[in-house]
2 protein chains.
Amino acid sequence: MIANEVKAELAAGKLAEYEQLSKIYDDIVKQARPRMTVEGQGKILLALADEDHQSQHHLASRLAMSPQSTSEFVAKLAKRHLVTLAKSTKDRRVNLVSLTPQGREEIASAAQEVPPFLQVLTEAEQDELYVLLTKITNAMYADIDAANPTLGVKFHKLFAGHYLNRFKK
Amino acid sequence: MIANEVKAELAAGKLAEYEQLSKIYDDIVKQARPRMTVEGQGKILLALADEDHQSQHHLASRLAMSPQSTSEFVAKLAKRHLVTLAKSTKDRRVNLVSLTPQGREEIASAAQEVPPFLQVLTEAEQDELYVLLTKITNAMYADIDAANPTLGVKFHKLFAGHYLNRFKK
DNA sequence: CATATTAATCAGGGGGCCTTATTGTATTTT
DNA sequence: AAAATACAATAAGGCCCCCTGATTAATATG
């Protein structure tokens, strides 16, 4: 059991190292804008990618953020022309949020192009990695869902939809 | 080559999915303070872990941040009692930054405890994952180093030292 | 000694995420 | 129609990261 514990720790450490390193990598090597993240504006884009034309209230409850924050982020996205606002005809209080083509592009481009460092793995290794990570992410989804049933499933759907759409075409 | 490309994309996507998901995981499941990150104050702690008693100027150039930012972050760390400041006796302009015991503890605790989701992997799989990620991070270090020779090596040393120290004891 | 140069700080600003409180407007309930 | 409720926007504030510009204090140079 000791041995197992060490292996688990090593793996955990590497995973953490990878996470931190990937930030630095983006910074220094790609010299790129911080990728779309899963908070704030990015969270909203992701939710819209899953289901367009949502009301702010709908977004807020779905993403577990306050309506005020939602309003702020939507406004910022609108300013960046990634999103448009239109009052609902049925209920003129609600403001429907919709993705613009640029918004869709932003999301698509955030679906990573393959980073060059993955090329150091053989095809078989890439496969292995995919399998291992899938086990891990599935376990994470389960934990998230257990902790917050109303959110877990939704994020799963969000991510699954996001990262799989590319292969449907 | 097509097949390989798809496998690489799948792996890349999963990696990205894992990264995003781990933020949500921390948020929802661990309900924890955002872990120490590799920017701002965290970056400085990490640099000090690698080499203590550095001047702010040294830190700034090493971490590629402005002296003003460095000053700001150091002040914040001092306020949190993670770091102390002491004027150099050789040159009374320079302010040597040193870790406090609490500062060391902060860094140590940021070295992840093993997250439960890793337990879904068998011992052999944890091993595999470690090996694969090591290949990847090594490739990243090389890329980072190529892009910025003065920084790459240092970050490597930073991380390597950080994540390996636990196993030296 | 007077004049750079250097280390660090102060002042101010921009953008990000996120919160609570307040207000306006539209719709439902009574 | 009046009152309660719901959607959204606005204001203000907190904390984070990070920058430029100007300033102080100490040291090095002419």
Side-chain angles (χ1 to χ4, degrees), chain A residues 20 23-24 26-28 31-47 53-80 82-98 106 110, chain B residues 20 23-24 26-28 31-47 53-80 82-98 106 151:
Chain A
Q20 297 301 323
K23 287 184 201 165
I24 295 177
D26 287 355
D27 241 36
I28 297 183
Q31 298 208 304
R33 62 291 164 191
R35 287 199 302 253
M36 192 182 67
T37 179
V38 81
E39 312 144 305
Q41 302 177 44
K43 210 160 156 185
I44 287 178
L45 280 183
L46 229 39
H53 315 301
Q54 296 185 57
S55 73
Q56 295 194 28
H57 179 259
H58 189 189
L59 281 169
S61 67
R62 175 169 187 180
L63 299 176
M65 55 169 66
S66 71
Q68 293 91 328
S69 293
T70 308
S71 178
E72 175 188 341
F73 298 140
V74 164
K76 285 179 176 174
L77 287 170
K79 195 168 293 173
R80 292 167 62 197
L82 301 181
V83 121
T84 54
L85 297 179
K87 294 227 177 286
S88 161
T89 52
K90 312 212 162 192
D91 184 338
R92 298 208 312 277
R93 288 171 303 183
V94 340
N95 229 344
L96 265 1
V97 186
S98 309
E106 175 78 12
Chain B
Q20 297 301 325
K23 287 184 202 166
I24 295 177
D26 287 355
D27 242 36
I28 298 183
Q31 298 207 305
R33 62 290 164 191
R35 289 198 302 253
M36 192 182 68
T37 178
V38 80
E39 311 145 306
Q41 302 177 43
K43 212 161 157 182
I44 287 179
L45 280 183
L46 230 37
H53 316 299
Q54 295 186 57
S55 73
Q56 294 193 29
H57 179 258
H58 190 189
L59 281 169
S61 69
R62 176 169 188 179
L63 299 175
M65 56 169 67
S66 71
Q68 294 92 326
S69 294
T70 307
S71 178
E72 174 188 340
F73 299 140
V74 164
K76 284 178 177 175
L77 288 170
K79 195 169 294 171
R80 292 167 62 196
L82 300 181
V83 121
T84 54
L85 296 180
K87 295 226 176 288
S88 161
T89 52
K90 312 210 162 194
D91 183 338
R92 298 206 314 277
R93 286 171 304 182
V94 342
N95 232 342
L96 265 1
V97 186
S98 309
E106 175 77 11
L151 277 181

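A note on names: the letters A, B, ... follow the listed sequences, proteins ahead of strands, and every chain is numbered from 1.
Nearest nucleotide to the side chain of A:R93, out of D:dT5, C:dC18, D:dA9: D:dT5.
If you measure from atom CD of A:E39 to atom P of D:dC16, you get 15 Å, rounded to the nearest angstrom. Counting to the nearest Å, the C1' atom of D:dC7 and the CD atom of A:Q54 are 15 Å from each other. We find that CD of A:E72 is positioned 14 Å from P of C:dT20, with the value rounded to whole Å. The CE atom of A:M65 sits 17 Å away from the P atom of D:dC7 (whole-angstrom rounding). Remark: P of C:dC18 and CG of A:L63 are 10 Å apart, rounded to the nearest angstrom. B:L45 has its CG atom 11 Å from the P atom of D:dC17, to the nearest Å. We find that NE2 of A:H58 is positioned 16 Å from C1' of D:dA6, with the value rounded to whole Å. Across the protein-nucleic acid pair, A:K87 atom NZ and D:dA8 atom P stand 8 Å apart, rounded to whole Å.
For the pair B:S98 and B:H53, the tightest heavy-atom approach, listed with the atom from each and the gap, is OG-ND1, 2.7 Å.
OP1 and OP2 of C:dC17 both lie 4.0 Å or more from every side-chain N or O belonging to A:S69. Within the 4.0 Å cut-off from OP1 or OP2 of D:dC7, not a single side-chain nitrogen or oxygen of A:N95 is found. The side chain of A:Q68 contributes no N or O atom lying less than 4.0 Å from OP1 or OP2 of D:dA12. Using a 4.0 Å cut-off, no side-chain N or O of A:R92 falls inside it from OP1 or OP2 of C:dT25. Between A:S71 and D:dA8, a side-chain N or O to OP1/OP2 separation shorter than 4.0 Å is absent.
Contact annotation for A:Q41: backbone-only contact, meaning every heavy-atom pair under 4.0 Å involves sugar-phosphate atoms and none involves a base. Contact annotation for A:P67: no contact, since no heavy-atom pair falls under 4.0 Å across all strands. Across all strands shown, A:S55 has heavy atoms under 4.0 Å from sugar-phosphate atoms exclusively, and none from any base.
Between A:K76 and A:D91, the residue anchored closer to the 5' end of DNA chain C is A:K76, taking for each the nucleotide with the nearest heavy atom.
Shown here are the side chain to side chain contact (heavy atoms under 4.5 Å, CB included) partners of A:L96, two or more places apart in sequence or in another chain: A:S55, A:S88, A:V94.
Counting heavy atoms from C-beta on, the side chains of B:L82 and B:Q41 never come closer than 4.5 Å. You'll find the side chain of A:M65 reaches within 4.5 Å of the side chain of A:F73, heavy atoms only. At a threshold of 4.5 Å between non-hydrogen side-chain atoms, the residues A:I44 and A:V74 count as touching.
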